[in-house]
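Structure first, then comments.
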Number of protein chains: 4
Amino acid sequence: MTTIDLNCDLGEGFGAWEMGNDAAMLELATSVNVACGFHAGDPDIMRRTVELAKARGVSIGAHPGYRDLHGFGRHPIVGLKASEIENLVAYQIGALQAIATAAGHKVTHVKAHGALSNVACEDDMTAKAIAAGIKAVDPSLIFVVLANSKLVKAGEDANLPMVHEVFADRAYEDDGNLVSRKKPGAVLHDAKAIADRVVRMVQDGAVVSVTGKVIKMRMDTVCIHGDTQGAVDIARNLRQALKDAGIAVAPFKRAA
Amino acid sequence: MTTIDLNCDLGEGFGAWEMGNDAAMLELATSVNVACGFHAGDPDIMRRTVELAKARGVSIGAHPGYRDLHGFGRHPIVGLKASEIENLVAYQIGALQAIATAAGHKVTHVKAHGALSNVACEDDMTAKAIAAGIKAVDPSLIFVVLANSKLVKAGEDANLPMVHEVFADRAYEDDGNLVSRKKPGAVLHDAKAIADRVVRMVQDGAVVSVTGKVIKMRMDTVCIHGDTQGAVDIARNLRQALKDAGIAVAPFKRAA
Amino acid sequence: MTTIDLNCDLGEGFGAWEMGNDAAMLELATSVNVACGFHAGDPDIMRRTVELAKARGVSIGAHPGYRDLHGFGRHPIVGLKASEIENLVAYQIGALQAIATAAGHKVTHVKAHGALSNVACEDDMTAKAIAAGIKAVDPSLIFVVLANSKLVKAGEDANLPMVHEVFADRAYEDDGNLVSRKKPGAVLHDAKAIADRVVRMVQDGAVVSVTGKVIKMRMDTVCIHGDTQGAVDIARNLRQALKDAGIAVAPFKRAA
Amino acid sequence: MTTIDLNCDLGEGFGAWEMGNDAAMLELATSVNVACGFHAGDPDIMRRTVELAKARGVSIGAHPGYRDLHGFGRHPIVGLKASEIENLVAYQIGALQAIATAAGHKVTHVKAHGALSNVACEDDMTAKAIAAGIKAVDPSLIFVVLANSKLVKAGEDANLPMVHEVFADRAYEDDGNLVSRKKPGAVLHDAKAIADRVVRMVQDGAVVSVTGKVIKMRMDTVCIHGDTQGAVDIARNLRQALKDAGIAVAPFKRAA
């Protein structure tokens, strides 16, 4: 039976501010990426998120981002040294590990957030520094990498276990890269179309590009969103469609 | 041979800002308390501090404080719930553990910083929450407690290994508490007097109060400071005086 | 014709995080207190809030709080000096003044936020420091003070124009103080009861305490909330009830 | 008599952290650029700095930077919209204006800090947004612009009064731009050479490039530094050399 993981960013509030519908997404995702306090999240939100995930048998990962609360980690910060990126990744992983331990759960993966991830997908230095930060803390942590990005090579070089990620709601170029958000059609919005597309992607082990080209691609996890009601509906629809197609949805296993 | 530990707060810069003379203090202290990013410190400074400590064979501990960069953790923040204190302590410990792992060192103790410590010394809820945060992360971490404070009972109740701390440069009341900093004579400044006083304290296992009363007290570590040149000189003088008196200076061992 | 102002806290998001229903409240309030970046708010949210207020003919005031984004300014920060409070109030007023100027609007009042206000209501030093901060920037700014609190005396001593505020949804003690939120019944939730109560308060120039005592009190503005849908409904109901009772709702004028 | 202004960045501490020798530089500079809390500075440090400047008859300007305390405003933050830059500049100016008013002084100029300035020197959007932020608050504020940069055009388009700035300790390319800090020789360190060079620059109204080319350039102010003892010594030497050469050192006047 074909199996796929659905991963989602969670715990993205800060203090009195909330974001997204974490409770709903914890019913739909099988792995969650927990914000660690630099772009969102705080110790209390992390604790609640981890406890909810544990209660539902959902895997948790650290979701380190740039130090940028105001910009939600969405702005590239230019000029950080490799050691600075490595340390900020290590710090955030450790913070979540301690909270997870306190809650009786365990951090099993790491996925970079927002601009840190976007930059790393195209920049060797940043990609390697993220991998180095993970490896320095625990070389058995699973590195979630965007399929076809520079993160893949960085993870391989660091000999980290990896899972490859595709996006449910993003269009792909012929070369297997995501279509830039600046271009029209980069983000898909129709719940039915997204569900059909992902089912086919998982069944075929391939994405179809904007020009119709079929691109074979390893995919272990599909990124879903829960920051708006529309996003939750899309995720719910997708989960049902996968079930209807006989595809099992389950947390990813450690990959070679 | 009598042995005593000298502990010192370190890594208290932030970004481009420096504080204190860490290099000098790493020659004098045997245990250092590393700021973890909430009141001071950042991942890079933590990394450098841990690496320096490792190179010198100095023990490291987490030094969690309130979330208060601007106030350097010196202002009590009123109204935090026990769970919030527990989580912020756990978060900071974990962050340092990851950085320490990355640097090949290990966090062996925890000491609360500034206002968090001051509040806890007199407030059961805060003291217990700090102990709970430590225990939830790793019950083998040594809890550094101010001798005679509420921290002692909190650590005992949590069954944490503890070491008792006295201050080199603070006067004591007859009941064994520190003289409030608001009172004249609360802080000692004369290097010779401080050195003589600490040597006697360690030899006798007792402090002499402001009225001359001898108070027997368990003491495993003496807190020294390095934030000014004067402080460094006091610490250097003290270390020499202990040596001259035949007292060994070494990192504290895990205590029952 | 009796006239009353309705004031509401606005612009309380931060970066990507939103809070409350500002658009709805700008239809209901006649004066709004704009968060200035220390406990909530940022330059962009301030700009949007001021522009919306200007478009609706709503007065704006600065709403300075403690430096406490994570705690939303709700935790007392102990140990600040009078000069520190004065400066943080001045800074926040100035920031909003510049944003208001940029948007073609004008800051006409100041109301302290959250814990800063709560502390000041009972602490002379803090109350005087807030008044000093306002006066130092512009002595013609209207100081919004909780009726019967220490803020009144501080504003009088500073010779600031003042308006006295009552709460729509809070119970009062016999001495005219608010019932502590820790006591049952401190906060009212029934929209009809709140509307009836405020209409009577405005008509009588008095509040009725929890024991039924009628307490004469100057009242120029009523504080309303918009942080939940329920709060918006309460405010809408109140505004209609005031209209039905023939009470005009309009921004407060400068008071002697 | 030829007159030149010497400008220096000041008030760059934060909370308990200090930076630079403000007292020494206030004896040497005739205009100071005061950090406004986003990359450095806080209300108390701003107040102290403004009071010291007033006492010495030194002009003050706002020194707005990116929101980046940890990076000291030295990292470009990519992706900010023009309106976001305009608002953060306006906010910071206003905050300083209020503090200056409280201290009986007046903000007369604005100079962008660090990465915000560096980006703006080469990016029209950022340069125009800074000028727009200044103009929106007060069109009579003097805009300090790096001679030959994109800031000049932005200031002209906004019709702001401007002063042109040259650097005492930086080498220039043949096209009048600063030699990149990444190249050897970009920064000069010899106090005597710097003083001789600046005296000649002011006398000739020209800089000499790294290849010896003489480039005529309007210059109203020379940027000096005070962040290290060496920097203070260089500034002191320069001030004396200007005096010896019969060049008056005085705050810049509003320019057309």
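Computed from a predicted model, the values in this text were never measured in an experiment. We name chains A, B, ... by the order of the sequence lines, and we start the count at 1 in each one.
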Contacts of type side-chain contact (heavy atoms from CB on, under 4.5 Å), residue C/Val187, not counting sequence neighbours: C/Asp169, C/Arg170, C/Arg181, C/His189

Hey, is CD on C/Glu122 packed in by over 12 heavy atoms from elsewhere, all under 6.0 Å? no

Going by residue number, which parts of residues 66-73 of chain A are within reach of chain C, meaning a heavy-atom gap below 4.5 Å? A/Leu69, A/His70, A/Phe72

Using non-hydrogen atoms and a 4.5 Å limit, figure out which bit of A/Asp44 sits close to chain C: side chain, backbone, both or neither. side chain

Report, in residue-number order, which members of residues 6-20 of chain A are under 4.5 Å from chain C by heavy-atom distance. A/Glu12, A/Gly13, A/Phe14, A/Gly15, A/Ala16, A/Trp17, A/Glu18, A/Met19

Report the residues that fulfil side-chain contact (heavy atoms from CB on, under 4.5 Å) with A/Glu173, sequence neighbours left out, ordered by chain and then residue number. A/Asp175, A/Val179, A/Lys183, A/Val210

